[in-house]
Participant: 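Below: one structure in structure tokens.
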2 protein chains.
Amino acid sequence: MATIKQIAKKAGVSYSSVSRALNNQTGVRPEIRKKVLEIAQELNYHPHSSAKALVQNRIGVLGVVIPRTSEFAFQNPYYSHMLLGLSSVANDMGYHLMLVINQQQSHASLYHSHLVDGIVVLANRIDDPYIPELVRDNVPTVVVPGYPDGWEFDVPSVNSENYQDVYRAITYLLNLGHRDIAFILGGMNSNYSLVRLDAYKAAFRDKGLEYKDKYIKESDFSKTDAFRLMGYLLNLPDPPSAVISINDATTPGVLHQINSRGLRIPEDISVVAIGCSDLVDLTDPPLTTIKVPVTQVGRAAARVLIELIEKGDCRERHVVIPSALVVRESTGVWPSS
Amino acid sequence: MATIKQIAKKAGVSYSSVSRALNNQTGVRPEIRKKVLEIAQELNYHPHSSAKALVQNRIGVLGVVIPRTSEFAFQNPYYSHMLLGLSSVANDMGYHLMLVINQQQSHASLYHSHLVDGIVVLANRIDDPYIPELVRDNVPTVVVPGYPDGWEFDVPSVNSENYQDVYRAITYLLNLGHRDIAFILGGMNSNYSLVRLDAYKAAFRDKGLEYKDKYIKESDFSKTDAFRLMGYLLNLPDPPSAVISINDATTPGVLHQINSRGLRIPEDISVVAIGCSDLVDLTDPPLTTIKVPVTQVGRAAARVLIELIEKGDCRERHVVIPSALVVRESTGVWPSS
DNA sequence: CTGTTTACTGCAAACGTTTGCGATTTAGCT
DNA sequence: AGCTAAATCGCAAACGTTTGCAGTAAACAG
């Protein structure tokens, strides 16, 4: 492995000059710089990132932590899209990505051992015990999604319009005449579940209507569980006339349950999906969907984190990426006949 | 940030003793060891990984590179499953994961700059220009999937039974009476496409039958393209009676095309899917599937790579993870009436 | 009590960089 | 030519560890 000293010896200059030449800093004669660069090329020189990190106190790596999650949850295309967004910005800004899934120890230790310069926590849970430590220790951190308003501490976050989206979707369904609208949620420690349920309730309230608790079901974010819950709902004496499914993991389960009973969408039941998967287009009929711009969220998260690392602060602590309710053919007026 | 020197000063011992105590090496009095550990705890000490790496010439990170891939290709649950497998073994063995997507420079530079101790290349393409460099420079490397037999160089690899699976599936279809079997492939620079196409052809040949080139279609691994190609196939004067779809990205396109024409599965056309997604269970009818054990492949890849890093060599250079053809209801005898 | 092994301890070098500072050269002006 | 300012250059320290080696103390055997 070639080092700066070897280049220096071969070029007949001191190694501080080599360093300056390689980092194209000022204070080195053009001819020397040229010569150094040539030799570096020839020797296939690559700077030793650890040595560099040691003196500069910066390693150029973003930690991406995905807290303890089940295997089925990780199948969610959410993570792929997010990683793609994070990676693209990180690449452009000269950072690498360290991926940490299901790690059993504190997030902060990654930072304290100088493996990463900052951390983004994906699919953040309200009860994640390690976030307070990140805040206390001043670790550059971005959480996705953010905490509800008025939370006890303030961490930079990136969100899509979780609240507005669901609010719009429910309002839309209410306007179509639906009143018995089921909501297949995830666990209530997920910020997504919390915020989206709030929006669900608010949409009813703002129209002077009552939602019914029995139509609100917490899943474990798996297809299987969504299938089960949807079965329960359809077995009710007064089954819902519409259902909204919280993410790409639950939607297939919901659809499967509906299809397996031979129910027609939207004549017998309207369906609204939330997610980033474009599998929804596959369904028959195409699903009315809250299309979550996950890749964009990932890009923004990387951007904010890098700003946090480099400037020590960020201009916008809570970024919101706009999204949209895409109305397709799985929703219809109620009653339908 | 606490350092070893601070601990040393506080404990009143030399910092070599502290180092030995922390790495529980021999040669330090039990009482001192205890004291050191207490102080380390109290000071929230974390070893500086760069400093460690500098002297030990080992950073404890596996590079996971996903070569230039399109956004839609990365949606494939393949990657999630793989990362889960890699991560679980890496965690257990004390390694971290560096995720590199779509990087524009050579894979080897990651290693040369000491960012990683070794590299696994996912969804390796036959024409990836950076693999030879990894081989030449003796970088600990595992590719998934491997190269075809007799390839010009030999890189450790992990595969599922790509060949056998397709061979079995085609044989199964032939036994059902099918002769016009379409194959929706990916690009022919993908090792998956190459190997699986070989198996397709061999299955025909070994039964003394002829396959027809017109039923073999190369997609770009996208749902959209699969939809288009399936449309083309169904428009033929003699459309295929069965179709096999190469991965989780193409299958939805294939199904969508079939469904949108109101064709019945398996009465009008039999379908075999290849993939790791369990979305296939969602379809009606449930799909006959070559279930690819991607997470296992990921686990094996990490295991081999770590062995390569630590021992300098590995016992088994080409690991094959067994998989299975799961026959469900999307395949039937032909002709069906 | 002496000699020998064993367990512990600390010094200092090494890993490959960056960077402040002083020394030296070069360039620019009169 | 003589003076000043600017550009270039190299020395050496520093970053936080690990580790070989030599030295010291303790334990043990004779």
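None of these values were measured; they are calculated from a predicted model. Every chain is numbered from 1 and lettered A, B, ... according to where its sequence line falls, protein lines coming before strand lines.
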Participant: Should I4(B) and Y45(B) count as side-chain neighbours, where that means a heavy-atom distance under 4.5 Å?
Facilitator: yes
Participant: Quick check on side chain to side chain contact (heavy atoms under 4.5 Å, CB included): which of V304(A), I309(A), L305(A) does C314(A) satisfy it with?
Facilitator: V304(A)
Participant: What's the CG-P distance between N23(B) and dG16(D), to the nearest Å?
Facilitator: 17 Å
Participant: Residues of residues 6-20 of chain A with any non-hydrogen atom less than 4.0 angstrom from an atom of DNA chain D: list those, numerically ordered, please.
Facilitator: V13(A), S14(A), S16(A), S17(A), R20(A)
Participant: Would you say the side chain of V18(A) lies within less than 4.5 Å of the side chain of V13(A), judging by non-hydrogen atoms?
Facilitator: yes
Participant: With a non-hydrogen cut-off below 4.0 angstrom, is N57(A) in contact with a base, only sugar-phosphate, or nothing?
Facilitator: nothing
Participant: Starting from C1' on dA7(D), measure out to CD on Q25(A) and report it in whole angstrom.
Facilitator: 15 Å
Participant: Could you state the atom-to-atom distance from NE2 of H114(A) to C1' of dC15(D) in whole Å?
Facilitator: 10 Å
Participant: Can you see whether Y95(B) has R58(B) sitting over its ring - NZ or CZ less than 6.0 Å from the centre and within 45° of the normal?
Facilitator: yes
Participant: Let me know the distance between CZ of R33(A) and C1' of dA7(D), rounded to the nearest Å.
Facilitator: 12 Å
Participant: What's the CZ-P distance between R58(A) and dT18(C), to the nearest Å?
Facilitator: 12 Å
Participant: If I take atom CG in residue L43(A) and atom C1' in nucleotide dG16(C), what distance separates them, rounded to the nearest angstrom?
Facilitator: 15 Å
Participant: Taking the inter-plane angle between the rings of Y147(B) and W151(B) on a 0 to 90° scale, is it parallel (under 30°), tilted (30 to 60°) or perpendicular (over 60°)?
Facilitator: parallel
Participant: In terms of relative ring orientation, are H114(A) and H48(B) parallel, tilted or perpendicular, with 30° and 60° separating the classes?
Facilitator: parallel
Participant: Counting only side-chain heavy atoms from C-beta out, which of dG16(D), dT17(D), dT19(C) sits nearest to L54(A)?
Facilitator: dG16(D)
Participant: Other residues, nucleotides and ligands only: do more than 12 of their heavy atoms fall within 6.0 Å of CD on Q41(B)?
Facilitator: no
Participant: Select from P30(B) and Q56(B) the residue whose nearest nucleotide in DNA chain C is closer to the 5' end of that strand.
Facilitator: P30(B)
Participant: For a quick test of reading the model: is some side-chain N or O of K52(B) closer than 4.0 Å to OP1 or OP2 of dT18(D)?
Facilitator: yes
Participant: So E31(A), base contact, sugar-phosphate only, or nothing? Heavy-atom distance under 4.0 Å.
Facilitator: nothing
